[in-house]
Each structure stands twice: as structure tokens, then as C-alpha cells.
Number of protein chains: 2
Amino acid sequence: MLKQKITLKHIAKELDVSISTVSKALKNSEEISRDTKEKIQAFAKLYNYKPNNIAISLKNKRTKNIGVIIPDIVHHFFTTVIRGIENYANAKGYNVIVCLSDESFDKEVINMEMLANGSIDGFIMSLSAGTEKKKDFNHLKEVTEQGIPMVLFDRVTSEINCDKVLIDDIQGAYVATKKLLDEGRRKIALLTTEDFFSVSMNRNKGYRKALKDFGLEVNPDLVLKLPFMDIDEAKIEEFLNQIEPDAILSVNEIFGIYGMRVVQRKGLNVPKDISIIGFTDGLLAKHANPSITSVAQHGELMGETAAKMLIEKVESENEEETYRTEILQPTLIERESTLNQV
Amino acid sequence: MLKQKITLKHIAKELDVSISTVSKALKNSEEISRDTKEKIQAFAKLYNYKPNNIAISLKNKRTKNIGVIIPDIVHHFFTTVIRGIENYANAKGYNVIVCLSDESFDKEVINMEMLANGSIDGFIMSLSAGTEKKKDFNHLKEVTEQGIPMVLFDRVTSEINCDKVLIDDIQGAYVATKKLLDEGRRKIALLTTEDFFSVSMNRNKGYRKALKDFGLEVNPDLVLKLPFMDIDEAKIEEFLNQIEPDAILSVNEIFGIYGMRVVQRKGLNVPKDISIIGFTDGLLAKHANPSITSVAQHGELMGETAAKMLIEKVESENEEETYRTEILQPTLIERESTLNQV
DNA sequence: TATCAACACGAAACCGTTTTCGTCTTTTTT
DNA sequence: AAAAAAGACGAAAACGGTTTCGTGTTGATA
């Protein structure tokens, strides 16, 4: 019953030729006579011969695998990035090995070490919260020093020299804030995470820049910094009750959802009484009621871009150390949670 | 700059011993003298030696990789399953290679063939829509006949002999329908997919069974079959306008969301005028307004269970062909879209 | 007919490990 | 002191391929 995988050796023995002849015949080498080639190819086809990937990897020192390490997979954004990576990588004949760091520094290190010992040709990753907090990038440094190509996306660090893909978070927040200001909103609350996230910092910058450009003071009381896990709805409610904003900008999708729920419970109408804009154009924003205007991060494009950059590096012979940083432009998707200006 | 990965050969040459000695010393073999072992181990540590996974895989015919093929990754359910698989697999020292079939038969076949040639020790998968529609399972058959362990989850087929994990879909739909009946609802619409999904069929069965047990006729006009992609909201609206149900049961999350939006637009109050229950307890159901009562499928547990079954098979020496089917019990998560009976 | 390509194929090294089976020393036993 | 038994290490095969470099046959050339 158990049809064992067939190898070159089996074919060679069966047809009474050498292993090298079989190998060459299957690659249609000119060295081998027409007759022999046909015989071998027919036999191989009959028994559905497929070369063993592992053996080829060992020989070529190329695995055709790319390692992806992300903080979490239940976030819609990361999920779309993976899809983009998969798209591009599969088309180029690569497999994608996904590992989750669970936002933990330790898991990130363990996973990297696991993959770095020959399992993959290169990394695509986004830093875990733990890593961003600890600011320890030695595991990344080691890997890049070994000559393993790496592309960082979204949550990146300037301490590592490698290719990067990010969206222009400052610009995204700027455009979103400007949209709210243009609507006539003046008291714009910002729901953000703790400071160590590079991404949140930039969105905060964009928010402040827009206010300044508009000639408004930046009021720190309008900014609420929340831990990124275990969201405390009561805290949001207290904050919003106290400052009574006429608009909310959230640095992610979920804070925006919570914010909307709170103000709706207070009897406010979105967007008549208060406008809401979130980051990350995910399913929640799209299907909320009202649907939430969002800054789209184009995760799929990000994934494709990252995969493209990585595979180019992997397949390029030259060892020149030039690194690119690709900055994607975010898009404001206008929905029902903001006033329509048309 | 480029610190080349160090191998046994390097160590052997540097310390003027044989490769075998180095290998044994690093495994703390009794064969090697204390002095030599210490010297070698110190050297290996200093240069951060890590054995090459590929070489070990080739030697052992074990990759410590498990291949996961799922139809889509942006579905929250699959995402939670992956998380469960990752959890368990990583703890056991396995990597997870994720491939997406994109609901396509062809991509499923290609991905399986790619992985089946030595890259992985076993498969965990859920059938693509294309495969369920086509009812062609030869690629699965080939893989299992080669002795590669496989676990099917959620979207399974009885045509393949292997381990399976699923939830009791009949029971899930039964409980949900019963809940609606107990509320006094009598005109329960069912939003479902086309027939070829094993999962939807079972949910349909549970729905009918509950009605019958309650002494009600099953009215086929109350059932709307929708294509699973490119949801046509107008069709849902027309359907609901026509039959004017007092409850909606949806076989997934998204149809429920659309259903709710349609009835809310008509001015109906959920749950006062109409109750809604969906399948798959995802973020959309949780954060909808009102939040939607759902049949939880426990994706993470499903993933863990599948990984556990697979790894047990992979690591068991005996070749006995006994296959288990693990049936998980769904849970009804009551939320705001149904009447509270307390 | 001796020489030389061209042809068709095989031997062997190699990728980085693991592991079995020698083999050479040294120590213990009788 | 000779024989046996440890002790410590190396050679080599194996995993499944690829590839370089022979080498033995042909057939053509001089």
C-alpha cells in the first residue's frame, strides 16, 4: 500500500544506468543520447518522480523558502500582508514559512534562530511589541551579518541596515486630521498606543503637524494612550466624557470601534455630532454601523513589495550592500463616520 | 563583514580532529574524552555553531516542518486555527509552512505537490471551495498513499482516510435554531452558501432538524443560497423583504452582518423585531452594533487539536492505519442580537 | 591503419550531518 | 609478559541530489 517515494537511485538501478545519467537525462542534458533520455523520462513520468526538495536545498544552498515573522495573525492588517507575500512568493516558486512572535521578544528570537539555520533564504518581518519596547535588535543584526537577506515592514527600526517597506504614517495621519479639520472639527481626540511603537509615534506626528499647519494649538489632554492589549473600555469612556471631542482619530481600527461605541451609547450621532477616522482599513471599519472612514495601509501591496524586494536580494549574485526603503502612500477611504463634503 | 555560517568541517579543521569527533563531542557522546569534548564545545559556543537544519532533515528524513493549506487567510476563523496550530507546533519544535489555495482546486494541488517532496513531515488542511465543488481528491489520496500523515479540519471529505477535526455543525445549527424557536420566533430565515460545502450542508441539516423536532414544517422558501464570494446585498434585501422573517440564521459571519444591515435599514430593531444568529464567532460579530449572537467554532482549539493529532502520527513509529475523527462541540455565544431570556 | 574528435556514459566529489564500524593506544587482567 | 578489554578517535557510508571530470566506444580524418 505504502508507495515509497522514488529516487534517482531507484530509477538508475531499475534501468541499469548510473545515477548521474538519470539526473542528466531528466534535465534533458545534451550529453545523454536521445534513446536513453526518452527511456528514463518515460520511466520517471510513469512512477511520478519528483526530486527531493531537501536534497536540492542542501546541494544548492537555496531552500526556496522565505520566513515571515509577524507579531500576530488575527490582525487583519498582517493577514493581508501575508496574502500579498504569498501571492508574489508562490508565483516565483517560493514557499512561505510563517512564524508568530505573539508580540514577544523571546518568541521572536527563538523563531528567528530556528529559521536562520538553513531553513530559509530570507526573512520578511515586522517587529513585535516586545522588541520595540526593549529596543534590542541583536538577533536581527546577527542574521543580517550572516548575509541572510531581510526585509522589515510596517514596524521597523532604523538600527538595522536592510530593506524596508512602510507606509507614510505621518502623511496618513496628516490627511486624516486635515479631513476632520476641513469638516470644521476643532477638538480632535487622538486614541493611540503607548509610545514605543514607531508606527504610533509617526501617526501622532502627522496629527500634530496637521493641527499646527492649520494654526491650532496641540492640546496634550486630547491624546489618550492605551495599552495595545486588553482594551479598557471604561478608560476610553471616561476620557471621552471628560474632553467631549467633536472628532476622534484612532491609530488603529479597534480603538476607533470602541470609541464609536462609547459615543453612540451617550446618544451622540456619528457623524452628525462627532466624526471618527481610524487607521487600518479592515473588516471592522468596513462593516461597522456607520462604517468608519479609514486610512488604508494597503497591506497586500506591502506584502507584495516586501516579497519582491526580498526575492530580488536573494536571487541577485552581487553582494553589494545597498538597501532601499520603500514608502507606500496611504489612502483615506471615506465612509459614513465622517461628513460628506460632496 | 560577512560572517559565514560555521560547520562541523570548519571546527574539525580548526581543532585538528575529525568531523565525526566534533559531531560526537557536541552531542556529549561518551566515546569522546572529557578534554576533547570541553575544547570542542567551548569552540562551538564561541563561534555560535548551530547545526544546519537542511542537512539534518536530509539525514533524518524529518523536517520538523508541518504544511498547512487553507483556502484563505483573511477569514478570521482560519486565522484562529493557524494560531492554534502554531501554538502547539512551535512548542513541539515544529515550524509551520502556510500555503493558501485561494479557494482554487489548482492552487491547492500545486501547493500540495510543492510541499510533498520532502519539505514537510505532514499536512494540516481544509479543502478549498474548488475542491469541494469538483469532488476530486486525487491529490490528497496520492499524498496519504505515500505515507505522509494528514489531518483535515473543518472542510473535510469522507473520501479520504485520515485524521479529521471538525465541529459538530449539525448540533451547532440545531442549538442556534432552537434558541430562536424558544424565543418565540417561527419564521426563521436561513442564509447559506451553495450546496457543495460540507459545512453548510450540515448546518442546514441542524436547522431542519430543530424545526422538525419543534413540530414545524420546513419551508424551502425561507432558505437563501448565496455564492460565497462577491456577496450580493441586493439579493439579500429582496429575499428578506419578500419573506419578512422574524429571525435570521446565517451559516457564517458575513451573511449575518449583511442581513442585519438590511433589516436595520428597513427600520427594524434587532433584536426586538427580529433576532439574528451567525456562525463563526469572529471580530465582526463581536463588534457589530448590536453585537451578534454566534455559534463559536473554537478555531484555536481546532488548530491545536489538529496539530496534536498530526504530530502524534508523525512521531509514532508504528504504521498502523487507524484514523480518528475528533468532533468539537460548538458553543452558542449569546449577545445583543437575540432576546435575553434571563 | 593510426589518430583524433565526438559521443555517451560513469565515477566521484560535494552539500552538512549522523552513525556504524574499524583501528590504534593504553590500561587492566591473568 | 602476554592477552584481553577499555578508551578515544577516525574512516566511510548514508541521506538524495548536481556537477565536474574522466574514460571507453564509436566514427571520421589524415
Side-chain angles (χ1 to χ4, degrees), chain A residues 4-41 43-44 47-65 114-121 146-148, chain B residues 4-41 43-44 47-65 114-121 146-148:
Chain A
Q4 261 302 314
K5 267 259 131 182
I6 194 171
T7 69
L8 289 187
K9 200 197 266 185
H10 295 136
I11 302 183
K13 193 188 292 175
E14 210 64 35
L15 298 184
D16 205 41
V17 290
S18 77
I19 293 180
S20 7
T21 303
V22 178
S23 175
K24 289 170 192 162
L26 293 176
K27 312 206 109 181
N28 233 321
S29 158
E30 288 305 320
E31 263 183 274
I32 308 299
S33 74
R34 180 177 266 283
D35 282 5
T36 313
K37 276 198 285 193
E38 278 176 0
K39 189 178 62 178
I40 292 176
Q41 287 170 1
F43 189 91
Y47 286 92
N48 193 27
Y49 168 79
K50 294 273 165 53
N52 179 307
N53 289 335
I54 298 291
I56 293 181
S57 293
L58 183 59
K59 182 92 245 270
N60 298 349
K61 300 182 148 211
R62 278 283 191 80
T63 62
K64 284 261 177 184
N65 287 152
M114 215 165 166
L115 296 181
N117 295 316
S119 300
I120 50 101
D121 293 340
Q146 271 173 36
I148 302 179
Chain B
Q4 261 302 314
K5 266 260 131 183
I6 193 170
T7 69
L8 288 186
K9 201 196 266 185
H10 295 134
I11 302 183
K13 193 188 292 174
E14 208 63 36
L15 299 183
D16 205 41
V17 289
S18 77
I19 294 181
S20 7
T21 303
V22 178
S23 176
K24 289 171 194 161
L26 292 177
K27 311 206 111 183
N28 234 321
S29 159
E30 288 305 318
E31 261 185 275
I32 308 298
S33 73
R34 181 178 264 280
D35 283 5
T36 314
K37 276 198 285 194
E38 278 175 0
K39 189 177 62 178
I40 292 176
Q41 287 171 3
F43 189 92
Y47 285 92
N48 193 27
Y49 169 79
K50 294 273 165 51
N52 180 306
N53 288 334
I54 298 292
I56 293 182
S57 293
L58 182 58
K59 183 92 243 275
N60 299 349
K61 299 182 147 211
R62 279 282 191 77
T63 62
K64 285 260 174 182
N65 287 153
M114 216 168 168
L115 296 181
N117 294 314
S119 300
I120 51 100
D121 294 340
Q146 273 172 34
I148 302 179

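Chain identifiers are assigned alphabetically (A, B, ...) following the order of the sequence lines, protein sequences preceding nucleic acid strands; residue numbering begins at 1 within each chain.
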### Query
With a non-hydrogen cut-off below 4.0 angstrom, is K59(A) in contact with a base, only sugar-phosphate, or nothing?
base
### 4.5 Å side-chain heavy-atom contact, I32(B) and T21(B)
yes
When rounded to whole Å, the NZ to C1' distance for the pair K61(B) and dA14(D) reads 10 Å
**Distance below 4.0 Å between Y49(A) side-chain N/O and dG17(D) OP1 or OP2** = yes
| task | Describe the nucleic acid contact of S33(B) in one word from base, sugar-phosphate, nothing, applying a heavy-atom distance below 4.0 Å. | result | sugar-phosphate
Closest non-hydrogen contact found for S57(B) with I54(A) is CB-CG2, 3.9 Å
Taken to the nearest whole Å, CZ/R62(A) to P/dT18(D) is 15 Å
| Reckon T7(A) touches a base, only the sugar-phosphate, or nothing at all at heavy-atom distances under 4.0 Å? | sugar-phosphate
No-H, no-angle donor-acceptor pair, S20(B) side chain to dA11(D) base, under 3.5 Å: yes
Heavy-atom nearest pair, N28(B) first then K37(B), reads OD1-NZ, 3.3 Å
R34(B) CZ to dA8(D) P, in whole Å, measures 11 Å
In whole angstroms, the gap separating P of dT18(D) from CG of L58(A) amounts to 12 Å
Rounded to whole Å, NZ of K5(A) lies from C1' of dG17(D) at a distance of 14 Å
Walking DNA chain D from its 5' end, the first of E31(A) and I56(A) to be reached, judged by nearest nucleotide, is I56(A)
Check: Base, sugar-phosphate, or nothing: which does S23(B) touch, judged by heavy atoms less than 4.0 Å apart?
Finding: base
- Item | Short side-chain to backbone donor-acceptor contact, N53(A) and M114(B), under 3.5 Å | yes
In the 5' to 3' direction, the nucleotides of DNA chain C bounding the stretch that comes under 4.0 Å of a heavy atom in chain B are dC15(C) to dC21(C)
Classify K24(B) by what it touches in the nucleic acid, base, sugar-phosphate, or nothing, heavy-atom distance under 4.0 Å.
base
Atom NZ of K64(B) and atom P of dC15(D) are separated, to the nearest Å, by 22 Å
Interatomic distance, CD1@I56(A) vs OG1@T63(A), rounded to 0.5 Å, equals 12.0 Å
Note: A44(B) and L26(B) closest approach over all heavy atoms is CB-CD2, 3.6 Å
- At under 4.0 Å between heavy atoms, what does S57(B) touch on the DNA or RNA strands: base, sugar-phosphate, or nothing? nothing
In whole angstroms, the gap separating P of dC15(D) from CG of N52(B) amounts to 18 Å
Classify the nucleic acid contact of K27(A) as base, sugar-phosphate or nothing, counting any heavy atom under 4.0 Å across all strands shown.
sugar-phosphate
Atom CD1 of I19(B) and atom P of dA11(D) are separated, to the nearest Å, by 10 Å
* **Stepwise side-chain contact (heavy atoms from CB on, under 4.5 Å) check, V22(B) with L15(B)** => CA-CA 9 Å; V22(B) 178; L15(B) 299 183; 6.0 Å; no
Answer yes or no: is there a side-chain heavy-atom contact under 4.5 Å between I40(B) and Y49(B)?
no
